[in-house]
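The next block holds one structure in the form of structure tokens; read it before the comments.
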Amino acid sequence: MRSIILLGLALALTAACGETLLPKASFPNEVDTVSIYALSGTPVAAPSAYSMELRQAVRIDQSGGAFDFAFDIDSAGRAVLLPTGALKLGRQSGILLTTTPFDSIRVAPGGNYQRDSAVVVDSNSVAIVHSRSLRCPTIGLSAVLYGKLHVLAIDTTSAPGGRRIDLRILTDVNCGYRGLQEGLPNR
């Protein structure tokens with residue numbers, strides 16, 4: 001808890017002073033395209049979650065809880081993204097639907113993320129996401145990572161390869177940074 005308070009103080013001072021207290025960003029932001037398969041009705045070998053830290057789709061059974069959101073199809077046949085709180089894994093990660101186009105999102109907001117329940121998405125939905133709390137060696141504190149995603153396609157059929165969501169996603173893996181543009185972030 002103390003490290004979260006210290007990071008919050010550092011970020012508040014950054015905003016107030018206009019100077020960054022974070023180390024220089026060293027990882028460029030890149031846009032990836034990933035497919036994630038539904039938690040229910042697909043083979044267990046199919047990745048059904050996304051790890052922002054690893055920038056990749058992961059299997060829940062092999063991730064050791066190291067993922068930030070999962071995908072499923074609810075009983076009404078709707079595609080849903082599930083932050084960790086919706087899976088009863090603690091209120092850590094969050095999802096925020098937005099009407100802002102994917103390419104126009106420059107910085108992740110600090111609040112209003114859905115953390116405890118499923119977020120219904122459709123093709124062309126855009127969301128901003130934040131990770132579970134991670135230990136960040138570059139700043140010596142715990143922090144979250146931010147990203148943005150665009151739903152490219154949803155296949156709810158039970159045909160082979162179905163029950164899948166295809167996403168375009170950009171994750172800023174520079175601890176403490178909220179910049180969501182390609183290249184090295186500056187905040």
Side-chain angles (χ1 to χ4, degrees), residues 4 7-8 10-12 14-15 20 22 25 27-36 39 47-58 63 66-72 74 78-87 89-134 136 138-139 141-154 164-187:
I4 293 171
L7 179 60
L11 293 175
T14 298
T20 184
L22 297 171
F27 302 104
N29 294 340
E30 300 170 352
V31 176
D32 295 312
T33 303
V34 298
S35 295
I36 303 173
L39 286 169
S48 54
Y50 189 81
S51 167
M52 294 174 66
E53 180 180 23
L54 300 175
R55 288 185 179 173
Q56 67 183 25
V58 296
S63 72
F67 63 90
D68 300 297
F69 62 88
F71 167 68
D72 207 359
D74 70 10
R78 302 175 302 179
V80 294
L81 296 178
L82 302 153
T84 54
L87 295 167
L89 297 174
R91 293 181 48 157
Q92 297 182 27
S93 64
I95 301 169
L96 173 64
L97 284 179
T98 181
T99 57
T100 305
F102 180 87
D103 292 326
S104 296
I105 300 169
R106 307 272 186 249
V107 178
N112 298 322
Y113 292 86
Q114 178 59 258
R115 293 186 173 107
D116 294 325
S117 61
V119 176
V120 177
V121 293
D122 296 309
S123 290
N124 280 326
S125 289
V126 175
I128 301 168
V129 293
H130 76 71
S131 72
R132 66 206 183 282
S133 183
L134 303 167
C136 297
T138 57
I139 60 175
L141 302 169
S142 293
V144 298
L145 305 177
Y146 291 91
K148 62 182 178 178
L149 64 85
H150 175 214
V151 178
L152 300 173
I154 299 169
R164 180 187 80 242
I165 189 168
D166 298 327
L167 305 170
R168 182 167 62 138
I169 189 164
L170 178 145
T171 300
D172 188 337
V173 295
N174 296 284
C175 290
Y177 281 75
R178 295 185 305 136
L180 296 179
Q181 297 180 45
E182 288 189 73
L184 283 174
N186 57 11
R187 30 173 144 181

- Item | CG-CG distance between Leu81 and Leu97, expressed to the nearest 0.5 angstrom | 8.0 Å

- Note on the structure: Closest non-hydrogen contact found for Tyr146 with Ala108 is CD2-CB, 3.4 Å

- Message: What verdict does the side chain to side chain contact (heavy atoms under 4.5 Å, CB included) test give for Leu134 and Val144, after you've listed the backbone C-alpha separation in whole Å, the side-chain angles of each residue and the deciding distance to 0.1 Å?
- Response: CA-CA 6 Å; Leu134 303 167; Val144 298; over 6 Å; no

- Task: State whether the side chain of Asn174 and the backbone N or O of Phe27 hold a donor-acceptor pair below 3.5 Å, judged by distance alone.
- Result: yes

- Quick one: closest heavy-atom pair of Arg168 and Asp103, and the distance? NH1-OD1, 3.6 Å

- Item | Separation of His130 NE2 from Gln92 CD (nearest 0.5 Å) | 9.5 Å

- OG (Ser133) and CG (Leu145) are apart, to the nearest 0.5 Å, by 9.5 Å

- Closest approach of Asp172 and Gly179, non-hydrogen atoms and distance? OD2-O, 2.9 Å

- Give a yes or no on whether the backbone of Val107 and the side-chain of Arg178 come within a donor-acceptor separation of less than 3.5 Å. no

- Note on the structure: Between the CD1 atom in Ile36 and the CG atom in Asp72, the distance rounded to the nearest 0.5 Å is 11.5 Å

- Item | Nearest non-hydrogen partners of Ala79 and Ile154, listed with the distance | CB-CD1, 3.6 Å

- Note on the structure: So NE2 of His150 and CD1 of Ile169: to nearest 0.5 Å the spacing works out to 12.5 Å

- Message: When you measure from the side chain of Glu53 to the backbone of Arg55, do you find a donor-acceptor pair of N or O atoms at a distance under 3.5 Å?
- Response: no

- Message: Ignoring hydrogens, what is the shortest heavy-atom contact between Ala118 and Leu82? Give both atom names and the distance.
- Response: CB-CD2, 3.4 Å

- Query: What pair of heavy atoms forms the shortest contact from Leu87 to Leu39, and how long is it?
  - Reply: CD2-CD1, 4.1 Å

- Query: Does any non-hydrogen side-chain atom of Pro109 lie less than 4.5 Å from one of Ile128?
  - Reply: yes

- Item | Ser35 backbone acceptor or donor facing Asp166 side chain under 3.5 Å | no

- Note on the structure: From the list Thr100, Leu170, Leu149, side-chain contact (heavy atoms from CB on, under 4.5 Å) partner of Ile105 resolves to Thr100

- Query: Is any side-chain heavy atom of Leu167 closer than 4.5 Å to a side-chain heavy atom of Leu152?
  - Reply: no

- Query: Taking the side chain from Asn29 and the backbone from Gln181, do they hold a donor-acceptor pair closer than 3.5 Å?
  - Reply: yes

- Query: Partners of Phe71 by ring pair (Phe, Tyr, Trp, His ring centres under 6.0 Å), sequence neighbours excluded?
  - Reply: none

- Query: Nearest 0.5 Å, what's the NZ-CG distance between Lys148 and Leu96?
  - Reply: 13.5 Å

- Are the side chain of Thr84 and the backbone of Ser93 linked by a donor-acceptor contact shorter than 3.5 Å? yes

- Is the shortest heavy-atom distance from the side chain of Pro28 to the side chain of Leu184 under 4.5 Å? yes

- Please identify each residue that fulfils salt bridge (charged side-chain N to carboxylate O under 4.0 Å, His left out) with Arg106, with sequence neighbours left out. none

- Just by distance, do the side chain of Asp68 and the backbone of Val129 share a donor-acceptor pair under 3.5 Å? no

